[in-house]
Amino acid sequence: MKKTLFSNFLMMLVASTLYLPNTLAEDPTQWNLPEGAKARLGKGVIREMQYSPDGKLLAVASGIGVWLYDITTHQEVALLTEHTSGVEYITFSPDGRTFASGSADGTIILNGPIVQLDKSTGAQKTLVGHTRWISNLAFSPDGKTLASDSRDGTIRLWDVITGEQKYTLTKNSDDATMLAFTSDGRTMVSVSWENKISLWDSSTGEHKKTFALHPECSTTGAAFTPDAETVAIGSENGTIYLHNLNTGELKLTLTGHKEYVENLAFSPDGKTLASCSHDSTIRLWDIHTGEHRLIFTGHPEDALGVAFSPDGKTLASSIDDGTIRLWDTDTGNEKHTFTGHSEYVYSVAFNHKGDIIASGSVTGIINLWNADTTQHIKTLSGFGDIANNLVFSPDGRTLVSGHDGIRLWDVHTGEHKMQLTEHIDAIASVAFSPDGKTLASGSWDNTIRLWDAHTGKHKKTLIGHTKTVNSVAFNPDGKTLASGSDDATIRLWDVDTGKNEMTLVGHTEWVESIAFSPNGKTIASGGGDDIIFFWDIDTGKTKMTLTGHTDWVYTLAFSPNGKTIASGCIDATIHLWDAQTSKQKKTLTGHTSRVKSLTFSPDGKILVSGSEDGSVLLWEIN
């Protein structure tokens with residue numbers, strides 16, 4: 001009865017969050033936006049999924065927070081964004097009255113017994129002690145203790161009622177560990193990536209015993225039966241090993257997956273094991289016979305996560321492209337698909353009119369969005385290549401992406417036009433000349449190539465850098481090309497002759513990004529030394545330096561009027577600077593992972609940022 005009452009209250013409460021001041025619109029792209037942002041594209045990278053004990057909610061840990069989905073309506077009902085970094089792991093207490101989330105920032109948040117955003121009620125607790133990201137969480141059977149594993153090399157046990165730390169267990173390494181409690185709550189079990197099973201007294205923290213795993217097992221993940229008497233361990237070789245937790249004995253070996261086993265989950269009755277693998281299949285196993293009960297092959301990509309509903313009739317799975325599918329565990333039929341999540345966003349770009357935004361991910365998927373309505377227009381995919389350094393042609397008809405090769409796409413039809421492949425290593429950067437006739441590419445092979453943008457013919461190769469060319473940019477007059485490299489230099493090249501006209505030296509670490517001012521008189525550069533340099537294009541001398549970032553600068557973009565320069569950092573911040581005075585104007589915070597790409601709209605009113613948290617933010621620039 002208590003579970004039902006709580007669930008009903010939770011549903012009403014999370015629905016009510018839609019009417020809080022920061023969630024004025026019903027469109028989820030507007031929920032819990034950071035200050036200064038007008039919209040969000042993408043729901044973030046999926047890390048973990050869990051059903052609520054009553055099966056009414058599916059909680060999804062993502063790069064931007066925790067999404068809660070109503071399983072009946074298949075609608076988003078809330079986005080919880082209290083963590084300052086991506087959420088790595090989530091779990092419900094056995095009675096469903098407490099919800100715990102662990103983050104890459106090392107913090108754990110307990111929501112409950114009433115999930116609400118008003119911290120003054122005391123309903124929400126933050127557990128602080130870990131110094132690195134949380135890799136696993138587990139409640140004791142009575143719900144009074146929470147165990148947490150961290151990459152800081154410790155396992156900590158917490159009193160759920162008071163939020164106080166009970167004790168700390170020191171591991172032999174900072175490898176991730178999977179945790180569970182035995183059904184009587186007296187013993188805590190940990191399975192480490194060092195291929196060991198350890199048992200601890202959950203009251204005292206005293207170590208009881210350790211078992212070694214099968215010698216051919218290279219642990220990739222683990223799942224425990226509901227009674228915590230059996231553990232299933234996935235391996236890099238595709239094999240799954242089932243061990244008895246009382247004796248350490250190997251009970252069963254499951255073979256069938258052809259590649260790395262990514263994730264495992266037991267059904268609520270403990271009779272069935274679900275596994276997902278990099279071979280793009282999900283398998284259901286009878287753990288008594290070791291036979292396949294069902295194989296799901298509907299995923300077009302590697303499956304990353306699986307979770308059973310409390311009644312065991314539905315299996316949720318997630319894949320690289322951010323899709324979550326719900327499957328009928330009896331028939332294997334697909335019941336529903338949730339979309340909108342994504343992988344790391346590596347690049348963003350505006351077209352010349354400012355009405356289309358392109359975003360590219362680490363999985364090779366390129367999305368086109370309406371810049372005004374934020375509605376998705378189309379997806380360009382099919383090659384599985386990283387969609388790195390997107391750039392529109394000046395006329396907006398062609399979009400270029402590069403990594404394993406340089407790909408040209410027809411923006412109107414979404415068709416792949418051609419691929420340029422003469423570089424002998426990955427492509428790190430691409431740029432169009434202002435007249436749209438020439439395409440420049442910088443590569444890990446230390447060279448820059450110039451191409452005829454219409455025919456794809458190779459025009460010339462620029463040689464001089466001694467390490468990866470991370471960034472290339474044309475001067476607005478189209479006569480000069482600038483390049484920044486891991487060799488800590490910026491080089492200026494004559495586009496017609498291919499000669500190196502000037503080398504700019506001043507950075508003490510690699511140069512990650514460069515950008516020309518709109519008038520073409522200044523080059524900005526940033527990289528591994530956390531400093532942004534402004535260079536005079538005529539003399540090659542430093543005009544000024546911008547300091548304030550606490551980590552390396554990943555991306556730079558000038559506003560169209562040249563008065564502002566935006567810089568994105570590995571620490572997830574974006575800084576806006578006065579390009580004339582070097583004064584820092586503002587810091588934009590809201591991403592939870594490194595900012596990989598920035599671009600201004602042609603009118604300068606919107607700044608778009610892409611991040612490894614799996615989202616794109618649109619910022620209003622005054």
Side-chain angles (χ1 to χ4, degrees), residues 89 130 132-138 140-141 147-157 167-266 270-278 283 285-291 306:
Y89 204 88
H130 286 296
R132 295 187 67 193
W133 73 78
I134 308 301
S135 54
N136 205 262
L137 297 169
S140 60
S148 60
D149 178 73
S150 169
R151 298 303 290 269
D152 65 8
T154 67
I155 298 170
R156 297 172 190 253
L157 272 75
Y167 53 80
T168 301
L169 308 177
T170 302
K171 302 186 294 184
N172 293 328
S173 73
D174 59 3
D175 284 341
T177 300
M178 285 62 74
L179 302 173
F181 284 88
T182 55
S183 56
D184 60 10
R186 295 178 181 177
T187 303
M188 188 187 71
V189 184
S190 67
V191 177
S192 74
W193 283 17
E194 296 175 307
N195 297 339
K196 293 179 181 178
I197 302 172
S198 297
L199 276 65
W200 316 79
D201 186 299
S202 58
S203 298
T204 65
E206 181 183 356
H207 177 257
K208 290 184 172 183
K209 51 187 170 182
T210 295
F211 305 121
L213 301 182
H214 191 282
E216 294 181 7
C217 178
S218 180
T219 304
T220 59
F224 300 87
T225 53
D227 61 10
E229 291 188 1
T230 300
V231 61
I233 300 170
S235 182
E236 289 183 2
N237 61 16
T239 304
I240 302 166
Y241 304 89
L242 274 68
H243 284 263
N244 182 296
L245 287 173
N246 294 316
T247 65
E249 176 189 2
L250 179 63
K251 297 173 61 177
L252 201 60
T253 300
L254 310 179
T255 58
H257 283 300
K258 298 177 181 178
E259 295 184 38
Y260 186 108
V261 176
E262 181 71 37
N263 207 300
L264 300 161
F266 276 101
K271 297 178 180 179
T272 302
L273 176 71
S275 61
C276 62
S277 164
H278 285 197
R283 296 172 184 259
W285 310 80
D286 184 308
I287 70 162
H288 298 298
T289 66
E291 296 178 353
V306 284

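Numbers for residues simply follow the sequence, beginning at 1.
For K208, the NZ atom counts as densely surrounded, since its 6.0 Å shell holds more than 12 non-hydrogen atoms of other residues, nucleotides or ligands. Within 6.0 Å of the CD atom in E206, the count of heavy atoms belonging to other residues, nucleotides or ligands does not exceed 12. Around the CZ atom of R132, the shell of radius 6.0 Å holds more than 12 heavy atoms that belong to other residues, nucleotides or ligands.
To the nearest 0.5 Å, atom CG of residue L264 and atom SG of residue C276 are 7.5 Å apart. Expressed to the nearest 0.5 Å, how far CD of E229 lies from CG of N244 amounts to 7.0 Å. Atom CD1 of I287 sits about 8.0 Å away from atom OG1 of T272, to the nearest 0.5 Å. Atom CG of residue L137 and atom OH of residue Y89 lie 7.0 Å apart, to the nearest 0.5 angstrom. With rounding to the nearest 0.5 Å, the separation of NZ in K209 from CD1 in I197 is 10.5 Å. Once rounded to the nearest 0.5 Å, the distance linking CD1 of I240 with CD1 of I233 reads 11.0 Å.
Of the possible polar contacts, none joining the T220 side chain to the E236 backbone as a donor-acceptor pair under 3.5 Å is found. Without hydrogens or angle criteria, N136 side chain to D149 main chain gives no donor-acceptor distance under 3.5 Å. Side chain of H288 to backbone of G290: no donor-acceptor contact under 3.5 angstrom is found.
The aromatic rings of H278 and Y260 lie parallel to each other, their planes meeting at an angle below 30°, with 60° marking the opposite boundary.
Between L199 and F211 the shortest side-chain heavy-atom distance falls below 4.5 Å. Counting heavy atoms from C-beta on, the side chains of W200 and L157 never come closer than 4.5 Å. Using a 4.5 Å heavy-atom threshold, the side chains of T187 and S202 count as separate.
The nearest pair of heavy atoms linking G270 to T225 is O-CG2, 4.3 Å. Closest of all the heavy-atom pairs between W285 and S275 is NE1-OG, 2.8 Å. Heavy-atom minimum distance, V261 versus G238: CG2-O, 3.5 Å. In terms of heavy-atom proximity, S150 sits nearest to K171 at O-NZ, 3.1 Å. The two residues M188 and I155 come nearest to each other via the heavy atoms CE-CG2, 3.8 Å. Nearest approach of Y241 to S235, heavy atoms of both residues: CE1-CB, 3.9 Å.
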Q.
Could you walk me through whether V231 and M178 satisfy the side-chain contact (heavy atoms from CB on, under 4.5 Å) test, starting with their C-alpha distance in whole Å, then the side-chain angles of each, then the deciding distance to 0.1 Å, before giving a yes or no?
A. CA-CA 10 Å; V231 61; M178 285 62 74; over 6 Å; no
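At a cut-off of 3.5 Å, with distance as the only test, no side-chain donor of T177 or S192 sits close to an acceptor on the other residue. In the model, S183 has no side-chain atom that pairs as donor or acceptor with a side-chain atom of D227 under 3.5 Å.
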Which side-chain N or O atoms in residues 245-256 pair as donor and acceptor under 3.5 Å with protein atoms at least two apart or in another chain?
unit_1	atom_1	unit_2	atom_2	d
T247	OG1	E249	N	3.1
K251	NZ	T230	OG1	2.9

